[in-house]
Undergrad: 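First the structure, then my questions, so here it is.
Quick note: numbers below take in every heavy atom, side chains included, and nothing from hydrogens, waters or symmetry partners. Lettering follows sequence order; numbering is per chain, from 1. For clarity, every value in this text was computed on a predicted model and none was experimentally measured.
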Number of protein chains: 2
Amino acid sequence: MAERMSQMLRSDARDNREHVLDAARELFAARGFDVPMREIARRAGVGPATLYRRFATKEELAAEVFGDEMRACHAIIEEGLADPDAWHGFCSVVERLCELHARNRGLTAAFSSTFPRAVDLAADRTRAMRLLGDLVRRAGDTGRLRPDVTVDDIVLVLAANNGIHATAMSVRVNASRRFAALAIRAFEEPESR
Amino acid sequence: MAERMSQMLRSDARDNREHVLDAARELFAARGFDVPMREIARRAGVGPATLYRRFATKEELAAEVFGDEMRACHAIIEEGLADPDAWHGFCSVVERLCELHARNRGLTAAFSSTFPRAVDLAADRTRAMRLLGDLVRRAGDTGRLRPDVTVDDIVLVLAANNGIHATAMSVRVNASRRFAALAIRAFEEPESR
DNA sequence: ACGTTAACGGACGCTGCCGTCCGCTTAGAT
DNA sequence: ATCTAAGCGGACGGCAGCGTCCGTTAACGT
């Protein structure tokens, strides 16, 4: 559908739309949702009006950008579910989600909280929740996961992971890795190993 | 010193100063550092000019407010150090710090990051760090704490705790409690009990 | 090549915040 | 009761970000 619309655009408009999305992706990832629209436009080599012509509001742009990131989340969880070792799959999901969120400031906002008008993100979110539920159940069956751990705990950890506000990305990612390791320790049944 | 200055103020000015501090405490706690100065003034029943006459800048006001909260942090840590059961003291510090930070949005900003001009807060911060170091060492000696846990891990957990962005305070506090429990599990040496 | 029309971007208006100024008010000393 | 200076707050200017308008440019069908 998005492609059909892009197809009807003139070639320069289509290019600019892509440039805007790329710029938004980079800036949202690096500095969170609070980057000014003008700066996205500037980085895309485009005037503000052009940006607003394609994306009527900041939320609309964010919805499109974070929709992509959401798909990355889904992919990670599904790969974890596909892991023959359920516990290992669970751990790698926690680790990789934490890292993804550390690399994308503001992705957590899309994941846990809700954007004003981003209805489609809510659907992605509930789908991710369902998948996470499967993951937790599957890991629980192995006995390696503490029996009282729920999906909410994962979401809590993800939200908390977003509290790591270091400015430099490398610092953020390192801290996030340590944090993921802590979280996994907290989730693991001590008597299982 | 602060009292000496207040003493020289006219009675109405002194009252208003207190009202402003009370309002700022409440609003910073409830909604974080981003509340408008006007709103603090309004809540204090005071004009903007009055507020700015007492606190030349927003940071100055925040420094004064969070200075008080800082003292609460110190008290918590010192009580933990005074606990005859070192491990129990350690746990209660983690729990109580998490809860305090959950009740005070933006306190973590003062605690871990640095305000532009809040020099005096930095001193409080390093003092808190030293105390936390003592706490960790003391808990480590009991063998209940995993030997690789450092002060940085506590700070990391505190920062992460601040990522719990629920709007309603009761929700935030509950989530924070669960989070503290998770953190303590992660810190505890599994073979020790 | 050329005309039509989509697309562009600089300039604009609006809102919300910070911090200041200045004419009026009132505490508190005499 | 009076006076004076400390104190007050509404109104102001400035800045930054969002979203829009309109005169100009250039894509692309013929």
Side-chain angles (χ1 to χ4, degrees), chain A residues 2-24 26-28 30-66 105-106 109 115-118, chain B residues 2-24 26-28 30-66 105-106 109 115-118:
Chain A
E3 285 109 60
R4 271 216 76 65
M5 289 190 60
S6 308
Q7 225 83 32
M8 327 190 80
L9 292 174
R10 225 169 63 179
S11 65
D12 53 348
R14 190 157 21 90
D15 288 352
N16 279 336
R17 190 175 192 280
E18 283 312 309
H19 293 152
V20 166
L21 278 174
D22 288 347
E26 284 176 41
L27 289 176
F28 281 150
R31 291 170 38 196
F33 183 63
D34 288 342
V35 288
M37 288 291 258
R38 313 314 259 266
E39 199 163 332
I40 298 176
R42 214 179 313 134
R43 156 95 67 142
V46 150
T50 299
L51 196 168
Y52 279 108
R53 203 170 303 114
R54 296 295 153 240
F55 306 94
T57 164
K58 195 174 183 176
E59 276 81 19
E60 198 175 312
L61 174 60
E64 182 117 359
V65 167
F66 290 132
R105 282 185 146 187
F115 278 112
R117 312 185 54 206
Chain B
E3 284 108 62
R4 272 216 75 65
M5 289 190 60
S6 308
Q7 225 83 28
M8 329 192 78
L9 292 175
R10 226 169 63 178
S11 65
D12 53 348
R14 191 161 15 95
D15 289 352
N16 281 336
R17 191 175 191 280
E18 283 312 310
H19 293 151
V20 165
L21 278 174
D22 288 347
E26 285 177 40
L27 288 175
F28 281 151
R31 292 170 38 197
F33 184 63
D34 287 343
V35 290
M37 288 292 260
R38 314 315 261 261
E39 198 162 332
I40 297 175
R42 216 178 312 134
R43 156 93 67 141
V46 149
T50 299
L51 196 167
Y52 278 107
R53 201 169 306 111
R54 294 296 152 241
F55 306 95
T57 163
K58 195 174 184 177
E59 276 80 19
E60 196 174 315
L61 174 58
E64 182 117 2
V65 167
F66 289 133
R105 283 185 146 187
F115 279 111
R117 312 185 52 205

Undergrad: Using heavy-atom distances to pick each residue's nearest nucleotide on DNA chain C, tell me which of B:Asp12 and B:Val35 is more 5'.
TA: B:Val35
Undergrad: When rounded to the nearest 0.5 angstrom, what distance separates CG in B:Leu27 from CD in B:Glu39?
TA: 6.0 Å
Undergrad: Identify the two heavy atoms, one from A:Phe33 and one from A:Ala62, that lie closest to each other, and give their separation to 0.1 Å.
TA: CE1-CB, 3.5 Å
Undergrad: Say you draw a straight line from CG of A:Asp15 to CZ of A:Arg17; how long is it, rounded to the nearest 0.5 Å?
TA: 12.0 Å
Undergrad: Using the heavy-atom set of chain A and a strict 4.0 Å cut-off, write down the first and last nucleotide of DNA chain C that makes it in, 5' to 3'.
TA: C:dA6 to C:dC12
Undergrad: Atom CD of A:Glu60 to atom C1' of D:dG19: distance rounded to whole Å?
TA: 13 Å
Undergrad: Roughly how many Å is it from CZ in A:Phe33 to C1' in D:dG17, rounded to a whole number?
TA: 12 Å
Undergrad: Could you tell me whether the side chain of B:Val20 reaches within less than 4.5 Å of the side chain of B:Leu61, counting heavy atoms only?
TA: yes
Undergrad: Considering just the side-chain nitrogens and oxygens of A:Tyr52, establish if one lies under 4.0 Å of OP1 or OP2 belonging to D:dG19.
TA: yes
Undergrad: From CZ of A:Arg54 over to P of D:dG19, roughly how many Å is that when rounded to an integer?
TA: 17 Å
Undergrad: Are any of the side-chain heavy atoms of A:Asn16 and A:His19 separated by less than 4.5 Å?
TA: yes
Undergrad: Just checking A:Ala49: base, sugar-phosphate only, or nothing, at a heavy-atom cut-off of under 4.0 Å?
TA: base
Undergrad: Between D:dA27 atom P and A:Asp15 atom CG, what is the distance in whole Å?
TA: 11 Å
Undergrad: How many angstroms lie between CZ in B:Phe66 and CD in B:Glu59, if you round to the nearest 0.5 Å?
TA: 11.0 Å
Undergrad: Compute the bend angle of the helix from C:dA1-D:dT30 to C:dT30-D:dA1 from the end axes (five pairs per end), rounded to 10°.
TA: 10°
Undergrad: Does D:dC8 have OP1 or OP2 under 4.0 Å away from a side-chain N or O of B:Asn16?
TA: yes
Undergrad: Under 4.0 Å: is that the gap between some side-chain N or O of A:Arg38 and OP1 or OP2 of D:dC18?
TA: no
Undergrad: Under 3.5 Å, is there any donor-acceptor pair linking the side chain of B:Arg14 to the base of D:dG7?
TA: no
Undergrad: How many Å lie between NE2 on B:His19 and C1' on D:dG7, as a whole number?
TA: 15 Å
Undergrad: Could you give the CG-to-C1' distance, from A:Leu61 to D:dG19, as a whole number of Å?
TA: 14 Å
Undergrad: Show the nearest heavy-atom pair for residues A:Arg105 and A:Ala30, with the distance to one decimal.
TA: CD-O, 3.5 Å
Undergrad: For the base of D:dG9, is there a side-chain donor-acceptor partner from B:Arg53 under 3.5 Å away?
TA: yes
Undergrad: I'd like a table of donor-acceptor pairs (distance under 3.5 Å, sequence neighbours excluded) in which one partner is a side-chain atom from residues 44-56 of chain A, with atom names and distances.
TA:
none

Undergrad: Quick one: closest heavy-atom pair of B:Val35 and B:Lys58, and the distance?
TA: O-NZ, 2.9 Å
Undergrad: For B:Arg42, which contact category applies under a 4.0 Å heavy-atom criterion: base, sugar-phosphate, or nothing?
TA: nothing
Undergrad: Rounded to the nearest angstrom, tell me the gap between atom CZ in A:Arg10 and atom P in D:dA27.
TA: 7 Å
